[in-house]
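Keep in mind that what you see is a predicted model, and the values were worked out from it rather than measured.
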Amino acid sequence: MGPVAAVLLVFVGCCSNVVSLELLVREFPGCGNIVTFAQFVFIALEGFIFETNLGRKKPAIPISNYVIMVTMFFTVSVINNYALNFNIAMPLHMIFRSGSLIANMILGIIILKKRYSASKYLSIALISAGIFICTIMSARQVNVAGDGSEEQGFYAFMHWLIGIGMLTFALLMSARMGIFQETLYKQYGKHSKEALFYNHCLPLPGFLLLSTDIYNHCVHFSHSAPVVIPMIGVTMPILWLYLLINVITQYVCIRGVFILTTECTSLTVTLVVTLRKFLSLIFSILYFQNPFTSWHWVGTAVVFLGTLLYTEVWSSVQAVLRPSDVKAKKAE
């Protein structure tokens, strides 16, 4: 499969996944656990059949290392989805998760003792400023929405603040997992498909801790309005249909990103993922009528400007447009 097909998979799969998740969250804001569980089961089952050959293929990376990675991955996935239960709007959720570059740089400096160029620090400052603007504007909306007594408004704000804390923790944990994964790949080689399977299979027993919440949402989903699936004529509760779409599109999204990493440079991958997030954000605002002020637009623009600056897109475009100049500089 070529890079064009991979880009299409990323855009179609990831954008559809965000839409189906928002449809679920609007009905039941606390459905993050059942969504995470369904995604993990589907991807683990697919990996067990096609990657491990029904368990007959031994892992290239020791299981003990996967246990550490899986603990971080499970924590990040559950917290990111569960944060939606704390008055976190989907646009803010998407913008906040775009701050992964900040977390990666901070932990890279602390753990790996990395040093970056001035443009990298500038880009991180822009991303931080953009997220800060969007977060402050969302906080003001929470205060406005909390009409009623002062105590109720304070409770709503503190509830939202817990969600922001969860997203921040998940962001840092995800960056730490990325560093750990990077060191494993350097030692044992890249085994992305294998890592994808074990990251989704090993955490499954952990969902026993969330079994009551998952069961309750299964009951809620089963009592949702029935809908007839086109083409095949099967009737099923609409929330189960949304969940099925979410699980399938999540798999398509992950597979698209995996293929893209094997076909294209890391710059291209970052650019495609950034553009995908931007399109998802625009769709979420326009289609679902999510509250989005002019300050939110300013913050969003600053975040994406910082991301593009970090990936050095302008330098790459100049190199493509003026290859002779680049060759002349190299000759000097």
Side-chain angles (χ1 to χ4, degrees), residues 1-27 31-32 34-47 49-51 73 76-77 80-81 84 89-98 100 174 192-193 195-197 199-200 227-232 234 236 238-290 292 300 303-304 307-308 311 313:
M1 187 180 292
V4 176
V7 170
L8 286 175
L9 284 178
V10 171
F11 276 94
V12 174
C14 299
C15 290
S16 302
N17 182 256
V18 171
V19 172
S20 60
L21 179 61
E22 183 146 7
L23 288 169
L24 286 167
V25 169
R26 281 178 169 263
E27 291 291 331
C31 68
I34 189 174
V35 172
T36 309
F37 176 67
Q39 292 173 351
F40 274 52
V41 168
F42 183 86
I43 294 174
L45 185 60
E46 186 275 341
I49 296 171
F50 297 105
E51 172 59 24
F73 182 71
V76 169
S77 299
N80 267 329
N81 283 336
L84 294 169
M90 279 299 293
L92 178 62
H93 192 269
M94 285 184 275
I95 294 168
F96 214 91
R97 292 180 68 178
S98 297
S100 55
S174 179
S192 302
K193 281 186 178 181
L196 184 65
F197 165 69
N199 277 342
H200 288 82
V227 63
V228 179
I229 302 176
M231 306 296 290
I232 59 176
V234 176
M236 68 184 301
I238 191 168
L239 291 181
W240 281 115
L241 177 61
Y242 290 159
L243 183 61
L244 179 63
I245 294 172
N246 181 268
V247 167
I248 293 173
T249 52
Q250 173 74 2
Y251 174 74
V252 172
C253 175
I254 290 176
R255 288 291 294 160
V257 173
F258 167 74
I259 296 169
L260 204 62
T261 55
T262 59
E263 295 283 346
C264 307
T265 63
S266 59
L267 170 64
T268 304
V269 175
T270 305
L271 196 55
V272 169
V273 171
T274 302
L275 290 174
R276 193 280 303 168
K277 288 180 180 178
F278 184 72
L279 283 180
S280 297
L281 179 66
I282 298 299
F283 187 87
S284 176
I285 296 164
L286 297 179
Y287 183 78
F288 292 104
Q289 298 297 305
N290 281 307
F292 214 72
T300 303
V303 168
F304 285 104
T307 304
L308 295 177
T311 56
V313 171

With sequence neighbours excluded, residues passing side chain to side chain donor-acceptor pair (under 3.5 Å) with Asn80
none
Tell me every residue that passes side chain to side chain donor-acceptor pair (under 3.5 Å) with Ser16, counting only those two or more places apart in sequence or in another chain.
none
Looking only at heavy atoms, what is the nearest atom pair of Leu84 and Val25, with distance?
CD1-CG2, 3.6 Å
Could I get the full list of ring pair (Phe, Tyr, Trp, His ring centres under 6.0 Å) partners for Phe40, not counting sequence neighbours?
Phe73, His200, Phe207
Residues at least two apart in sequence or cross-chain that pass side chain to side chain contact (heavy atoms under 4.5 Å, CB included) with Leu45, listed by chain then number, are Ile49
Qualifying salt bridge (Lys or Arg N to Asp or Glu O under 4.0 Å) pairs with a residue from residues 5-24, counting only residues at least two apart or across chains:
Glu22-Arg26
Determine the minimum heavy-atom distance between Leu239 and Glu27, stating which atoms define it.
CD2-CG, 3.6 Å
For Gly13 against Val252, the heavy-atom pair lying closest together
CA-CG1, 3.9 Å
Would you indicate whether the side-chain heavy atoms of Trp240 and Leu244 approach each other to under 4.5 Å?
no
Disulfide bond (SG atoms under 2.5 Å apart) involving Cys253 - partner list, sequence neighbours excluded:
Cys14
Please name all residues satisfying ring pair (Phe, Tyr, Trp, His ring centres under 6.0 Å) with Phe283, sequence neighbours left out, ordered by chain then number.
Tyr287
Quick one: does Val7's side chain get under 4.5 Å of Arg276's, heavy atoms only?
no
May I have all residue pairs that pass salt bridge (Lys or Arg N to Asp or Glu O under 4.0 Å) and include part of residues 3-18, sequence neighbours excluded?
none
Any residue meeting side chain to side chain donor-acceptor pair (under 3.5 Å) with Ser174, in chain and number order, not counting sequence neighbours:
none
Ignoring hydrogens, what is the shortest heavy-atom contact between Ser280 and Val18? Give both atom names and the distance.
OG-CG2, 4.0 Å
Could you check Ile254, Ile248, Asn246 and say which one makes a side-chain contact (heavy atoms from CB on, under 4.5 Å) with Gln39?
Asn246
How long is the span from the CD1 atom in Ile238 to the OH atom in Tyr242, to the nearest 0.5 Å?
3.0 Å
Can you tell me how far the CD1 atom of Ile229 sits from the CE atom of Met236, to the nearest 0.5 Å?
5.0 Å
List in chain and number order the residues that pass side chain to side chain contact (heavy atoms under 4.5 Å, CB included) with Ile245, two or more places apart in sequence or in another chain; answer none if no residue qualifies.
Ser20, Leu241, Thr249
For residues Leu279 and Cys15, report the shortest heavy-atom separation together with the two atoms involved.
CB-SG, 4.4 Å
Reported CD-to-CD1 distance for the pair Glu51 and Ile43, which is rounded to 0.5 angstrom
13.0 Å
Looking at side-chain heavy atoms only, is the closest gap between Val228 and Val234 below 4.5 Å?
no
For Leu243, run the side-chain contact (heavy atoms from CB on, under 4.5 Å) check against Leu24, Leu21, Leu23 and tell me which one passes.
Leu24
Glu46: partners by side chain to side chain donor-acceptor pair (under 3.5 Å), with sequence neighbours left out:
Tyr251
